[in-house]
Number of protein chains: 2
Amino acid sequence: MSQTVDRALSILPLLAEGPADLGQVADRLGVHKSTALRLLRTLHEHGLVYRQSDQRYRLGARLFALAQEAMENLDVREIAHPHLVRVNEDCGHTVHLAVYEENEVLYIDKVESRYPVRMYSRIGKPVAITVAAVAKLLLADLPEHERRAVAEKLDFPMYTSRSTPNAGAFLRELEKVREQGWATDLGGHEESVNCVAAPIRGADGRVVAAMSVSAPNVVVTADELLTLLPLVRRTADAISGEYSGRTPLKGTA
Amino acid sequence: MSQTVDRALSILPLLAEGPADLGQVADRLGVHKSTALRLLRTLHEHGLVYRQSDQRYRLGARLFALAQEAMENLDVREIAHPHLVRVNEDCGHTVHLAVYEENEVLYIDKVESRYPVRMYSRIGKPVAITVAAVAKLLLADLPEHERRAVAEKLDFPMYTSRSTPNAGAFLRELEKVREQGWATDLGGHEESVNCVAAPIRGADGRVVAAMSVSAPNVVVTADELLTLLPLVRRTADAISGEYSGRTPLKGTA
DNA sequence: ACGAAGGTTGCAGAAATTGCAACACAGCAG
DNA sequence: CTGCTGTGTTGCAATTTCTGCAACCTTCGT
């Protein structure tokens, strides 16, 4: 909608790949060097871009600060965190908290497994939306037409033989998840990693986040992991209660 | 330098304070509503801004992802991390890694204390630059005129009675730190928290980062913490060696 | 010392952005 | 039910702003 801003912002993901010099930025943007320079200058003034000693540009410090603040504004996270920690203390496995936003599901909090074999994941990184248990819960709560729209647009990569293969299967899975109120991912993303998840709901009953417990087969079997389902659901409900119970700053029905 | 981009980027810190609606954004930017709308749209398309269900805008998810990627590109962090973990395993205290950038010092990595009483800090958040041990190390390495320039511009808040009171004292402290090659913060930020730190140097000998071990008085006395100095320095040197390429990279822990 | 590579600036033309005014839509009061 | 107020949204013409160019400057390597 705004070309200049659009170009400027396109620089950010570009730099996220690694530092680049003026020429490279200009090339990849398809603009003249002087234009790229001025955009970079503006980004620099706002601290989003940093010029390192070899004169190349990379992402700047303010980005961290902004991301941090963005996080703190998600009050689900604040509320949920102690609960997640407690679950981790109980079972020792990796605990995740995720939200849906703009066709993506992302982890916004994580408590690391206390077992030596850990699954890999990163806060802030988009989740494998077609297979992750938390993603199923978050998408299952969307109104039906939206669910369909999202499902149609997705790719369905076959991470493993048990990955969700296509939109049809995905929608059926969502329907099931929606009815039962919890979800699993049994080796759908990584062959040997299983996962159980439960939804966190706001005052209006809408799902605002989802939490999950994940563990590799070498630590516990899928069946053993499923025995944690009551704990996970209880915790999710507790968080829901707190989240919808008190309203810290802004109040709306 | 670029008005449009400048305006657009000004929206980000504004939203960091909390969600805002179109009118508020337009007002605070001093532009017409339609202009603000278009800027927000562009930000939205890049995922930097999210429109929540009540139609207000807040910072978006991509910001997390960008910040994460920015971090991973700091290769000091990659290299240092296993070392930090090892130090934490040895002594149990909070271990930090920090860099200097654009008049700020910020933590880029952290390993949490294994003691129940922990100090508060956040990755990405600017450090109390006048008192933190890591900040002293990073600033002490700047060329003299730059050090002076920075010191003059700083505020010197008295967090505690032992905080650095003014630019003069600060510069003297930096000189000392520079000579001895390590730094401490003994209750200068929080009355009961002490800290020892050592510099990490690149191939050219310049300080590129600093690491520290922090612990509250209730866990160990300042004297006891100081006995960890050799460990900290040894670790920092090991990281320096790997970072500058002198040490062939060995497998991560 | 020279040439090359990359970065920087001034300027005129071109294109994008702006603010306006009108429109849509919701909630609310009468 | 109807008109009102407070939003957010779109089309348009004027004008501001941005762009690309070409020349200039600096640094580095040979």
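Computed from heavy atoms alone, side chains included, the values below leave out hydrogens, waters and symmetry copies. Chain A is the first sequence line, chain B the second, and so forth, proteins listed ahead of strands; every chain is numbered from 1.
- Taking the nucleotide of DNA chain C with the nearest heavy atom to each of A:Gln24 and B:Gly30, the more 5' of the two is matched to A:Gln24.
- Between the CG atom of B:Leu22 and the P atom of D:dT9 there is a distance of 7 Å, rounded to whole Å.
- Among the protein residues, B:Thr4 comes within range of the sugar-phosphate backbone only, with heavy atoms under 4.0 Å from sugar or phosphate atoms but none that close to a base.
- Closest to the B:Lys33 side chain, of the nucleotides C:dT17, C:dG19, D:dG8, is D:dG8.
- For B:Arg7, counting side-chain heavy atoms from C-beta on, the closest listed nucleotide (D:dA22, C:dT18, D:dT17) is C:dT18.
- Nearest to the side chain of A:Arg41, among C:dT8, C:dA21, D:dC21, sits C:dT8.
- For the pair B:Leu39 CG and D:dT9 P, the computed distance is 14 Å after rounding to whole Å.
- Protein atom CG of A:Leu40 is 14 Å distant from nucleotide atom P of C:dT9, rounded to whole Å.
- With hydrogens and angles ignored, a donor-acceptor pair closer than 3.5 Å exists between the side chain of A:Arg38 and the base of D:dG20.
- Closest to the side chain of A:His32, from the set D:dT9, C:dG19, D:dG20, is D:dG20.
- Following rounding to the nearest Å, A:Gln55 (CD) and C:dG6 (P) show an atom-to-atom distance of 12 Å.
- If you check the side chains of A:Asp109 and A:His96, you find no donor sitting under 3.5 Å from an acceptor.
- A salt bridge does not link A:Arg178 to A:Glu173: none of the charged side-chain nitrogens sits closer than 4.0 Å to a carboxylate oxygen.
- The side chain of B:Ser2 places an N or O atom within less than 4.0 Å of a non-bridging phosphate oxygen (OP1 or OP2) of D:dC18.
- By the 30° and 60° cut-offs, the orientation of the rings of A:Phe170 relative to A:Phe156 is perpendicular.
- B:Arg51 contributes no side-chain N or O that forms a donor-acceptor pair with the base of D:dG8 under 3.5 Å.
- Separating the CG atom in A:Leu137 from the CE atom in A:Met211 is a distance of 11.0 Å, to the nearest 0.5 Å.
- Residue A:Thr35 has a polar side-chain atom (N or O) positioned under 4.0 Å from OP1 or OP2 of D:dG20.
- Between the CG atom of B:Asp21 and the P atom of C:dA26 there is a distance of 18 Å, rounded to whole Å.
- What separates CD of B:Gln3 from C1' of D:dT15 is a distance of 12 Å, to the nearest Å.
- Distance CG (A:Leu37) to C1' (C:dG10): 14 Å, rounded to an integer number of Å.
- Looking at B:Glu144 and B:Arg147, no side-chain N of the basic residue comes within less than 4.0 Å of a carboxylate O on the acidic one, giving no salt bridge.
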